[in-house]
Structures are given as C-alpha cells and as structure tokens.
Amino acid sequence: MLLSDLLRAGPGTSLAGIDPRSTPGVKPGRSKDAKEWSRREVAKIGADLARYQEMLFANAKTAGDLRRVLLVLQAPDCGGKDGTVKNVAGQFNPIGLRIAGFGAPTKEELAHPFLWRIRNALPPAGYVGVFNRSHYEDVLVVRVRGLVPRRVWARRYDTINKFEAELAGSGLTLVKVILHISYEEQRARLAERLTDPEKYWKYNPGDIDERGYWRDYQEAYDAIIEKCSTEAAPFHVVPADRKWYRNWAVASLLREHLAGLGLKYPEPDFDPQKELERLETAT
Ligand code: ATP
C-alpha cells in the first residue's frame, strides 16, 4: 500500500484519533536502530527525489512541460517544519527548488486578497516548491485568533478549494502535509529551546501564548481536513513526534507523488550521432 493512501486524511479524520508517536508504514521492530535506518533511507529516497526533479526540470526546459510540484507544510509551533525542510527538501538540487515561508502578512500583503502572496510564491514550471506555512494560516491562526470576522474566514475554505483545483488543473501537483505533534512533545521542544543556549534564538515568547490555544488549533486543523482534503489535493497527516519517522514519511510521500508523474528524460530534438560527428570535425 502506498504511504500516501495510508496517511491520507478524509472527511471524519480528526487529529485526536491519530497517535503522534505512531509510525504507519514502518515495519514493527524498527525502533532499535530507527534513527540510523531513517537517515539511510532518506538519503536513498533523496537520490530518487533529485533524479525525478531533474527530469521535471529537463522537460520544462526543453519541451515546455508545465508540470511542477509543491510541498505544503503546516504544523503547530515546534511541529518540525524547519527540520523537514532541512532534512527532506535538502535532498533536492537547490537550483530547481523554491522555498517560501509565510509569516504574519506585511502591510502590502494585507492590502491584497489572502491568496495574493501565495500565487506570487508558486514554483514555476519544472520546479519543486516548498511552503513553510501557507494559505492555510488564513483559516488557522486567523480563525483561532479572530483576526478577521468569522464570515470572512468561513468563506476561505471554498476559495482555497477552487484555487487548489485550478492549480491541479494547471499541472501543479500538491503534496499537502500536516505535521502532527502532541501537546507533550511541543512542551518538550519548547523546554529544549529554553535550556540550550544555542537554541534560544528559536524561542519566541509568543509561542507560550499560542500554546494556550492548543484545543482551538486542533479544531481549526480538523476543519481544514474536513473541508479542504479534496480529491484534487488531499491532506496527509504525518505523525511527527518522532523526527526520524517524520523525515522518512515526508520524503516517501514526495517520492510517491513524483513517481506518479511518470517522468522520463526528454527525447532530443537533434540527432546526437550527427552532433558528435560535428563536434569531432569542428575546428
Ligand atoms: P516558524 O514558527 O514557522 O518557524 P517563526 O516563529 O520564525 O516561524 P515567522 O515565520 O516570522 O516566525 O512567522 C510565523 C508566524 O506568522 C506564526 O505565528 C504564524 O501564525 C504567523 N502567520 C502566518 N501567516 C499568517 C497570517 N496569514 N495571518 C496572521 N499571522 C500569520
């Protein structure tokens, strides 16, 4: 069974029903050497990712192929988005990679519809994109913190579904991932940021305030799963308390989606033999 089928969230999926420490798709008995196993596997998968990415790029460059891939990462604070970008997205060739992060909107961004900054950051044809946070913030933090009236955010689920269907129709493969960590794991990671001087820089006092809204966030995540895990762009919930599992799972999800594109290196629009002869005879 494909991991994307195993982790796919559908109507009725609730984060509360998924154990953040679970490791779906991994053979039981892995836990002894799990970290080392995952490092090796991710490196192997990474070689495939880079090869698929090159084919994607080559087809866009030589044949006008419009296809592109976008990994959308959503997670609570300390959910492991940065670690996933480093360990998984780091397997791709940086030349063909577009990484975008979305913080609180700037004045200019607020003056536009919420998808404006998202459209501007989409990967071009042939590229792999990664969104560290995304348009889903506009129905997560915005909903939980009441940053706009309910009637405004409530319309956004539909707007997002239409937008993503349009993207899927234009050759963009969306790989939407929610990194699912437990309340206890978030506490442990925040505590680490407060006890290791080399991690102070990662700490933001606002994270403790956000943590106070944990239940509201879980509800808001359930709502995006219920409303926006569509056929064209389903969500995948990756249990993420165990970093080794998270890295393996996200890398595997990407490989499955790229493999599903049936990519090949493009045929040349010249005769390589003739060109070789020209090379030999050219002065
Ligand atoms: P991260 O936690 O993702 O590593 P960070 O703590 O370094 O990021 P930024 O990337 O600057 O901080 O901003 C992230 C913050 O921006 C989060 O608190 C997030 O909720 C907030 N944010 C993102 N999108 C929006 C939005 N559309 N409206 C309001 N706040 C948003």
Side-chain angles (χ1 to χ4, degrees), residues 15 20 70-90 97-122 129-161 163-164 176-183 185-194 196 198-224 227-228 235 238 240-241 243 246-247 250:
L15 290 186
L70 175 62
L71 172 68
V72 172
L73 285 175
Q74 278 296 153
D77 290 328
C78 303
K81 300 184 303 301
D82 291 353
T84 308
V85 171
K86 180 175 160 189
N87 291 292
V88 180
L97 192 60
R98 289 283 163 92
I99 300 178
F102 299 95
T106 61
K107 247 190 176 169
E108 190 192 15
E109 287 168 349
L110 281 174
H112 290 87
F114 75 100
L115 290 177
W116 179 77
R117 64 176 182 167
I118 303 296
R119 287 186 188 278
N120 287 342
L122 290 171
V130 178
F131 279 2
N132 186 338
R133 301 184 189 269
S134 68
H135 40 298
Y136 284 102
E137 290 294 329
D138 292 280
V139 282
L140 289 168
V141 63
V142 168
R143 166 177 162 150
V144 169
R145 295 307 211 112
L147 301 181
V148 300
R150 182 187 189 98
R151 66 185 154 71
V152 174
W153 60 252
R155 278 201 306 263
R156 289 182 173 168
Y157 299 103
D158 240 21
T159 309
I160 288 173
N161 287 344
F163 169 62
E164 292 183 352
K176 298 194 303 190
V177 168
I178 294 172
L179 302 177
H180 174 41
I181 58 160
S182 62
Y183 190 64
E185 182 66 20
Q186 188 189 55
R187 195 205 64 79
R189 292 186 189 178
L190 282 170
E192 212 179 308
R193 291 179 184 186
L194 287 166
D196 179 349
E198 294 190 359
K199 292 194 173 164
Y200 290 162
W201 66 275
K202 291 190 187 181
Y203 181 75
N204 170 1
D207 291 348
I208 307 266
D209 302 315
E210 288 301 298
R211 184 169 161 79
Y213 292 89
W214 180 267
R215 271 169 187 266
D216 297 329
Y217 271 108
Q218 297 286 296
E219 264 177 38
Y221 271 103
D222 282 351
I224 63 171
K227 295 172 196 293
C228 300
F235 266 112
V238 170
D241 272 12
K243 295 175 183 172
R246 175 202 75 200
N247 291 341
V250 177

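We count ligands from 1, going down the list as the structure has it; atoms in each ligand are counted the same way.
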Open item on the list: If you count every heavy atom of other residues, nucleotides or ligands that lies below 6.0 Å from Tyr213 atom OH, does the total exceed 12?
Closed with: no
Task: Closest protein heavy atom to atom 28 (N) of ligand 1, given as residue, atom name and distance to 0.1 Å - done: Pro105 CD, 3.3 Å
Task: Exam field: side chain Glu210 to backbone Asp207, donor-acceptor pair closer than 3.5 Å - done: no
Task: Numbered atoms of ligand 1 (with element) below 4.0 Å of Asp138, judged on heavy atoms - done: 27 (N)
Task: Whether Arg117 lies under 4.0 Å from ligand 1, heavy atom - done: yes
- [ ] Check whether the ring centres of Phe114 and Phe163 lie less than 6.0 Å apart, and answer yes or no.
- [x] no
TODO: Kindly identify the option in Asp207, Leu140, Val141 whose heavy atom sits closest to atom 30 (N) of ligand 1.
DONE: Val141
- [ ] Note the single closest protein heavy atom to atom 6 (O) of ligand 1, along with its residue, its atom name and the distance in Å.
- [x] Asn204 ND2, 4.6 Å
Open item on the list: Are the side chains of Tyr136 and Lys176 in contact, using a 4.5 Å heavy-atom criterion?
Closed with: yes
- [ ] Considering non-hydrogen atoms only, spot the tightest contact between Ile118 and Ser134 and give its length.
- [x] CD1-C, 3.9 Å
TODO: For Arg246 and Val238, work out which heavy atoms get closest and say how close.
DONE: CA-CG1, 4.0 Å
- [ ] Just jot down the ligand 1 atoms closer than 4.0 angstrom to any heavy atom of Lys81, in number order.
- [x] 3 (O)
TODO: Show which atoms of ligand 1 fall inside a sub-4.0 Å distance from at least one heavy-atom site of Val142.
DONE: 28 (N)
Task: Single hit among Glu185, Gln186, Arg187 for side chain to side chain contact (heavy atoms under 4.5 Å, CB included) with Arg189 - done: Glu185
Task: Heavy-atom pair with the smallest gap, counting every atom of Val130 and Leu70 - done: N-CD1, 3.9 Å
- [ ] Taking atom 16 (O) of ligand 1 as the reference point, report whether a protein heavy atom occurs under 4.0 Å from it.
- [x] yes
- [ ] Before signing off on this row, confirm whether Arg133 and ligand 1 have an N or O atom pair separated by under 3.5 Å.
- [x] yes
Open item on the list: Is there a polar contact, in the sense of an N or O pair closer than 3.5 Å, between Ala104 and ligand 1?
Closed with: yes
TODO: Write out the residue and atom name of the closest protein heavy atom to atom 20 (O) of ligand 1, then the distance separating them to 0.1 Å.
DONE: Glu137 OE1, 3.2 Å
Task: Proximity flag Gly101 to ligand 1, non-hydrogen atoms under 4.0 Å - done: no
Task: Residue and atom name of the nearest protein heavy atom (relative to atom 13 (O) of ligand 1), distance in Å to one decimal - done: Gly103 CA, 3.3 Å
Task: 4.0 Å protein heavy-atom contact status of atom 3 (O) of ligand 1, strictly under - done: yes
Task: Nearest heavy-atom neighbours spanning Leu122 and Phe131 - done: CD2-CZ, 4.0 Å
TODO: For the residue pair Tyr157 and Ile224, establish whether any side-chain heavy-atom pair is separated by less than 4.5 Å.
DONE: yes
Task: Sub-3.5 Å N/O-N/O distance, Leu147 and ligand 1 - done: no
